[in-house]
Every structure is written in structure tokens, then in C-alpha cells.
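Beneath this line is the structure, given in C-alpha cells, with notes to follow.
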Amino acid sequence: MARQDPRRCRRSRQARALGDRQPHRAGGERIHAAQKRASSFHGTELAGILRANGVDTILVTGVTACACVRQTICDGIADGFRTIAVKEAIGDRVPGAVAWNLFDIDAKFGDVHTVDECVAYIDGLAEQAIAAE
């Protein structure tokens, strides 16, 4: 039996930490958009759904840094959203592609933050919402 890479287990736990905090609509329904192309925005209603729910910042995760992740970040910015690439929750099959794309995204147009930073950000939003009630 093949031994599992401990880094992969760590990433899986971190991705679950974000997934548990996915945004919900007022009625408790999770927000999902069927992705038809490399970008989660192109050819979908995602931007409209996010705006209708008062979202101004998106956290981007994915498994193809040089295609889906990068295009979603670019299109998110073009649609007026603050985009954050979640460092440990992005992968690619091409060696070095993740590091290069995250470097380029952070240097030019988006933000790159760790899972812990993103979880703290989301938890802070939840605390603000509770305090506002």
C-alpha cells in the first residue's frame, strides 16, 4: 500500500477548515456556480450571485494554478472583487507552477494569504455579523 504524503493530509485538513466556512445565502443555502470554462466567472452567474449577497471579497482555491485559479482571480478582479489566493489550497500537476503563479499573482494583481490568515478573516466577518445583530 502506498504511503500518503503528510503534506497532502495537512492540505486536506486546511481545505476542510475553509470549506466549513463557505458562504451561505440568508436562508442557509450554500452558494455554488457550475464552472463551464477555466474561470469560475466566465459563462456563469457567479458575479451576480455574489453581488446580490453583498460579497466583495473572494477566496480562491483550486487544483490548476496556471489555468482555473489564475483565470478566476483575473476575472474576479475584472468584475470588481478583491481576490485572495489561498496559498496551501492551490495545486497544479506541473512542478513549480503553484509557486510561480502565486508569486506572480501576489506581485501584480491579487493577494496571497495562508489558510490560517483566511480562516481568521472569515471568523472575523462572522464575529462582526453577530455583533451587528
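Here, residue 1 is the first one in the sequence, and each next residue gets the next number.
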Return the set of residues passing side-chain hydrogen bond (donor to acceptor under 3.5 Å, both in side chains) with Ser39 (not counting sequence neighbours), or none when no residue passes. Asp75
Go through the structure and list residues passing side-chain hydrogen bond (donor to acceptor under 3.5 Å, both in side chains) with Asp104, not counting sequence neighbours. Arg70, Lys108
Between [Y] and [X], is there a side-chain heavy-atom distance shorter than 4.5 Å?
| X | Y | result |
| --- | --- | --- |
| Leu50 | Phe41 | yes |
| Asp106 | Leu102 | no |
| Val60 | Val86 | no |

Once you round to the nearest 0.5 Å, how far does [atom1] of [X] lie from [atom2] of [Y]?
| X | Y | atom1 | atom2 | result |
| --- | --- | --- | --- | --- |
| Ile84 | Leu59 | CD1 | CG | 5.0 Å |
| His42 | Cys74 | NE2 | SG | 13.5 Å |
| Cys66 | Arg93 | SG | CZ | 7.0 Å |
| Ile58 | Leu46 | CD1 | CG | 7.0 Å |
| Ile90 | Cys68 | CD1 | SG | 11.5 Å |
| Gln71 | Arg37 | CD | CZ | 12.0 Å |

Remaining members of hydrophobic cluster (4.5 Å side-chain criterion), Val63: none
Taking all non-hydrogen atoms of both residues into account, name the closest pair between Ala65 and Ala97 and its distance. CB-O, 4.3 Å
Heavy-atom nearest pair, Thr114 first then Lys87, reads CA-CB, 4.3 Å
Does Asp92 use its side chain to pair, donor to acceptor, with the backbone of Val94 at less than 3.5 Å? yes
Between Thr72 (side chain only) and Val69 (backbone N and O only), is there a donor and an acceptor less than 3.5 Å apart? no
Partners passing salt bridge (Lys or Arg N to Asp or Glu O under 4.0 Å) against Arg82 (at least two apart in sequence or in another chain): Asp111
Please walk me through it: do Phe109 and Thr83 pass side chain to side chain contact (heavy atoms under 4.5 Å, CB included)? CA-CA 9 Å; Phe109 46 85; Thr83 61; 5.7 Å; no
Going by ring-ring contact (aromatic ring centres under 6.0 Å, His included), name the residues that satisfy it together with Phe103, two or more places apart in sequence or in a different chain. Trp100
The side chain to side chain contact (heavy atoms under 4.5 Å, CB included) partners of Arg51 (sequence neighbours excluded) come to Ala47, Asp79, Phe81
